[in-house]
Novice: 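This is the structure I have questions about; it appears just below.
Note: hydrogens, waters and symmetry copies are ignored here, and every other heavy atom, side chains too, is used.
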Amino acid sequence: LTGTAAFWVRIPTLSHTTDTTIYMWYGNSAVVDTQENKAGVWQNGYAAVYHFGSNGVLGTSDSTGNENDAINFGVTAVTGAIGGAGSFNSTYFDIPSSSSFKPGAALSLEAWVNPNTTYSGEPNLLSLSRSNESYALQLGPWNGNPVFDVTLGGTSFSKTGGEALSATTWSHVIGTYDGAHMITYV
């Protein structure tokens, strides 16, 4: 045991002016069934959330309750910034089509990434495609800046993040689209 733990907790209201007490219960070996509430933690529009496991075991299960579990095509388990991660070296996860992957007026794609070296091309971090729509969060070919691409009805829009990702450094990358504006965060 390391003496550390990581938990995902959904708190309906969190005040910035008043302390909030969170109770934790552990050590009861009589509890044999999970007490998790995936649907209660990951709601409000999350289509899928992947944690990738820990202790050298790669997880491909969706944590939301939408059951958008991934199919692994060669991704291997590695140590992540928080828990486990996947090494996507010319490999990928495929997530079967699902009604929960039908963005409405707004969409966000986000990932923790750690490029292990320089690269060529425009590697996708995340992408979602269907009929006349596609969304992709990728690394740009010129300088490693994250690029968020949206294609709607044959018209493409692109927004480049202002900061290049450094090799062997974890970065949190987010692309957002609200129907009119695109923003890429690092």
Novice: Which word best sums up how the rings of F52 and F93 line up, parallel for under 30°, tilted for 30 to 60°, or perpendicular for over 60°?
Specialist: tilted
Novice: May I ask you to decide if K159's main-chain N or O and T184's side chain share a donor-acceptor pair within less than 3.5 Å?
Specialist: yes
Novice: For T18, check side-chain hydrogen bond (donor to acceptor under 3.5 Å, both in side chains) against everything at least two apart and list the hits.
Specialist: none
Novice: Are W112 and F88 connected in a single hydrophobic cluster, I mean Ile/Leu/Val/Met/Phe/Trp/Tyr linked by side-chain heavy atoms less than 4.5 Å apart?
Specialist: no
Novice: Taking N68 for the side chain and A47 for the main chain, is one N or O donor matched with an acceptor at less than 3.5 Å?
Specialist: yes
Novice: Got H172 and V186 here, is their nearest side-chain heavy-atom distance under 4.5 Å?
Specialist: no
Novice: Rounded at 0.5 Å granularity, tell me how far CE in M182 sits from OG in S158.
Specialist: 6.0 Å
Novice: Could you check whether any side-chain N or O of N114 sits under 3.5 Å from a backbone N or O of T169, counting only pairs where one atom can act as donor and the other as acceptor?
Specialist: yes
Novice: W170: what forms a ring-ring contact (aromatic ring centres under 6.0 Å, His included) with it, not counting sequence neighbours?
Specialist: none
Novice: Any side-chain heavy atom of T176 within less than 4.5 Å of one from I174?
Specialist: yes
Novice: Is it the case that the side chain of N66 and the backbone of S100 share a donor-acceptor pair, with hydrogens and angles ignored and the cut-off at 3.5 Å?
Specialist: no
Novice: Per the side chain to side chain contact (heavy atoms under 4.5 Å, CB included) rule, which among V150, I183, L109 passes with Y177?
Specialist: V150
Novice: Find the distance between OG (S108) and OH (Y46) and round it off to the nearest 0.5 Å.
Specialist: 8.5 Å
Novice: Counting only heavy atoms not in N89 (residues, nucleotides, ligands), do more than 12 fall under 6.0 Å from its CG?
Specialist: no
Novice: For a side chain to side chain contact (heavy atoms under 4.5 Å, CB included) check, start with the C-alpha distance between T21 and D19, then their side-chain angles and the critical distance, and finish with the verdict.
Specialist: CA-CA 7 Å; T21 302; D19 289 344; 5.8 Å; no
Novice: To the nearest 0.5 Å, tell me how far E110 CD sits from L125 CG.
Specialist: 12.0 Å
Novice: Taking a hydrophobic cluster as the set of Ile, Leu, Val, Met, Phe, Trp and Tyr residues connected by side-chain heavy atoms closer than 4.5 Å, whether directly or through intermediates, do Y92 and L58 fall within one such cluster?
Specialist: no
Novice: Are the side chain of D62 and the backbone of V49 linked by a donor-acceptor contact shorter than 3.5 Å?
Specialist: yes
Novice: Donor-acceptor check, side chain of N145 to backbone of G161, threshold 3.5 angstrom: yes or no?
Specialist: yes
Novice: Honestly curious: do L139 and L126 fall in one hydrophobic cluster under the side-chain, below-4.5 Å linking rule?
Specialist: yes
Novice: Can you tell me if S171 uses its side chain to pair, donor with acceptor, with the backbone of V173 under 3.5 Å?
Specialist: no
Novice: Within the 4.5 Å heavy-atom criterion, are S127 and L137 side-chain neighbours or not?
Specialist: no
Novice: Do F73 and V78 sit in the same hydrophobic cluster, where Ile, Leu, Val, Met, Phe, Trp and Tyr count as joined when their side-chain heavy atoms come under 4.5 Å apart?
Specialist: no
Novice: To the closest 0.5 Å, what do you measure between OG1 (T60) and CD1 (I95)?
Specialist: 9.5 Å
Novice: Provide the closest heavy-atom pair for P115 versus L165 in the form atom of the first, atom of the second, distance.
Specialist: CG-CB, 4.1 Å
Novice: Examine V113 and V75 and state if one hydrophobic cluster contains both, with Ile, Leu, Val, Met, Phe, Trp and Tyr joined whenever side-chain heavy atoms are less than 4.5 Å apart.
Specialist: yes
Novice: Using side chain to side chain contact (heavy atoms under 4.5 Å, CB included), reason through Y135 and L152 one step at a time and then give a plain yes or no.
Specialist: CA-CA 9 Å; Y135 309 88; L152 300 170; 3.4 Å; yes
